[in-house]
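This report concerns only the one structure given below.
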There are 2 protein chains.
Amino acid sequence: MMETLRALAEPNRFQIVELLRKGPRPVGDLVDRLGLRQPQVSKHLRVLSDAGLVEVRVDAQRRIYTLCPAPLQELEEWVERYRQLWEGNFQRLAALLDHMKTQEKKRGRRKRQGDHR
Amino acid sequence: MMETLRALAEPNRFQIVELLRKGPRPVGDLVDRLGLRQPQVSKHLRVLSDAGLVEVRVDAQRRIYTLCPAPLQELEEWVERYRQLWEGNFQRLAALLDHMKTQEKKRGRRKRQGDHR
DNA sequence: AAGACATATTCTTTTACGGGAATATACAAT
DNA sequence: ATTGTATATTCCCGTAAAAGAATATGTCTT
């Protein structure tokens, strides 16, 4: 997950993923569309590959890169867990109240015990 | 979007977001839970704030940070566009075929015009 | 008003990473 | 076998960004 995010957080890599969304492509194709030099593209593909985001299929001298669904699926599942943020806020309200209580306790403790460093 | 990803791609910031998912928290609380020093936490919060991922509410000396739904919602929408990857592959197959055609044309052009750097 | 607390900011150092250039590898074509 | 084509890898450099340390800001308490 962390690795997926790191990989996607780079603009060129993000672009590569966007391009690969439409279908598998060989490196040269990506080079043309990105306006990057071939070595950089290969390097970015390496990072994406290490992150499990792409797969290679060898076709003679060509390497055809394909997008892998798994990490993106995982990312979707992760962000889904945040839906409650914009779908009703009861949970948040509860948490807030709970937290105020916690803070109250803490404030009390602090008064009693003084600093802690 | 890019900025959201960049912000989330850092492990500590990711952790902050995870903590904030359960509800708003003051900085000190985050410091305790993350085992980071206060200045670093503040700095990370700054980045998250610049990315629009968190909001501050001032409560006396405390600053209570809250997670903002919008960027995450946007992220979800983005990744949703990739569902087709793991839900049937007709689209991909079509793209592949289309692409093979493109490559064929290109191969021809290259032969005619020679190198280009 | 003085000190304690919570947080932010600045400055410096270190580390990570992306780009450039050159080179290596491997298959294809002739 | 030689040349050409597609891609990967290596090495170097510059910059961006994260950690560390010190300090600033603002509020609360007494």
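Quick note: numbers below take in every heavy atom, side chains included, and nothing from hydrogens, waters or symmetry partners. Throughout, a chain's letter reflects where its sequence line sits, starting with A, and its residues are numbered from 1. This is a predicted model, so every value here is computed, not measured.
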Interatomic distance, [X] [atom1] vs [N] [atom2] [rounded to whole Å]:
X       : N      : atom1 : atom2 : answer
B:Ile16 : D:dA18 : CD1   : C1'   : 13 Å
B:Asp50 : D:dA16 : CG    : P     : 16 Å
B:Phe14 : D:dA18 : CZ    : P     : 16 Å
A:Leu34 : C:dG20 : CG    : P     : 13 Å
B:Leu48 : C:dA8  : CG    : P     : 12 Å
B:Arg62 : C:dC5  : CZ    : P     : 12 Å
B:Leu45 : C:dA6  : CG    : P     : 16 Å
A:Leu30 : D:dA8  : CG    : C1'   : 14 Å

Salt-bridge criterion met for [X] and [Y] (N-O under 4.0 Å):
X       : Y       : value
B:Glu76 : B:Arg81 : no
A:Glu80 : A:Arg83 : yes
B:Asp59 : B:Arg63 : no

Do [X] and [Y] sit in one hydrophobic cluster, given that two such residues count as connected whenever their side-chain heavy atoms are within less than 4.5 Å of each other, even indirectly?
X       : Y       : value
B:Leu34 : B:Val56 : yes
B:Trp78 : B:Phe14 : yes
A:Val41 : A:Val17 : yes

Polar-atom pairs under 3.5 Å, protein N or O versus N or O of nucleotides 17-19 of chain C: list them with distances, or write none.
{"unit_1": "C:dC17", "atom_1": "OP1", "unit_2": "A:Arg6", "atom_2": "NH1", "d": "2.9"}
{"unit_1": "C:dG18", "atom_1": "OP1", "unit_2": "A:Arg13", "atom_2": "NH1", "d": "3.3"}
{"unit_1": "C:dG18", "atom_1": "OP1", "unit_2": "A:Arg13", "atom_2": "NH2", "d": "2.8"}
{"unit_1": "C:dG18", "atom_1": "OP2", "unit_2": "A:Arg13", "atom_2": "NH1", "d": "3.4"}
{"unit_1": "C:dG19", "atom_1": "OP1", "unit_2": "A:Asn12", "atom_2": "ND2", "d": "2.8"}
{"unit_1": "C:dG19", "atom_1": "OP2", "unit_2": "A:His44", "atom_2": "NE2", "d": "2.7"}

Original post:
Taking the six-membered ring for Trp, is the centroid-to-centroid distance between B:Tyr82 and B:Trp86 below 6.0 Å?
Top reply: no
Subject >> Along DNA chain C (nearest heavy atom to each residue), the more 5'-positioned of A:Val58 and B:Val27 >> reply: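 That would be B:Val27.
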Nucleotide N/O to protein N/O under 3.5 Å, stretch nucleotides 22-25 of chain C:
none

Subject >> Distance test, side-chain N/O of A:Tyr65 to OP1/OP2 of D:dA8, below 4.0 Å >> reply: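 Checking D:dA8 against A:Tyr65, a side-chain N or O does come within under 4.0 Å of OP1 or OP2.
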**OP:** Tell me whether the OP1 or OP2 atom of C:dA8 has a side-chain N or O from B:Arg46 closer than 4.0 Å.
**Re:** no
Original post:
Do you know which two heavy atoms are closest between A:Asn12 and A:Leu36, and how far apart they sit?
Top reply: CG-CD1, 3.6 Å
Original post:
Under the criterion side chain to side chain donor-acceptor pair (under 3.5 Å), which of A:His44, A:Gln38, A:Arg46 is the partner of A:Ser42?
Top reply: A:Gln38
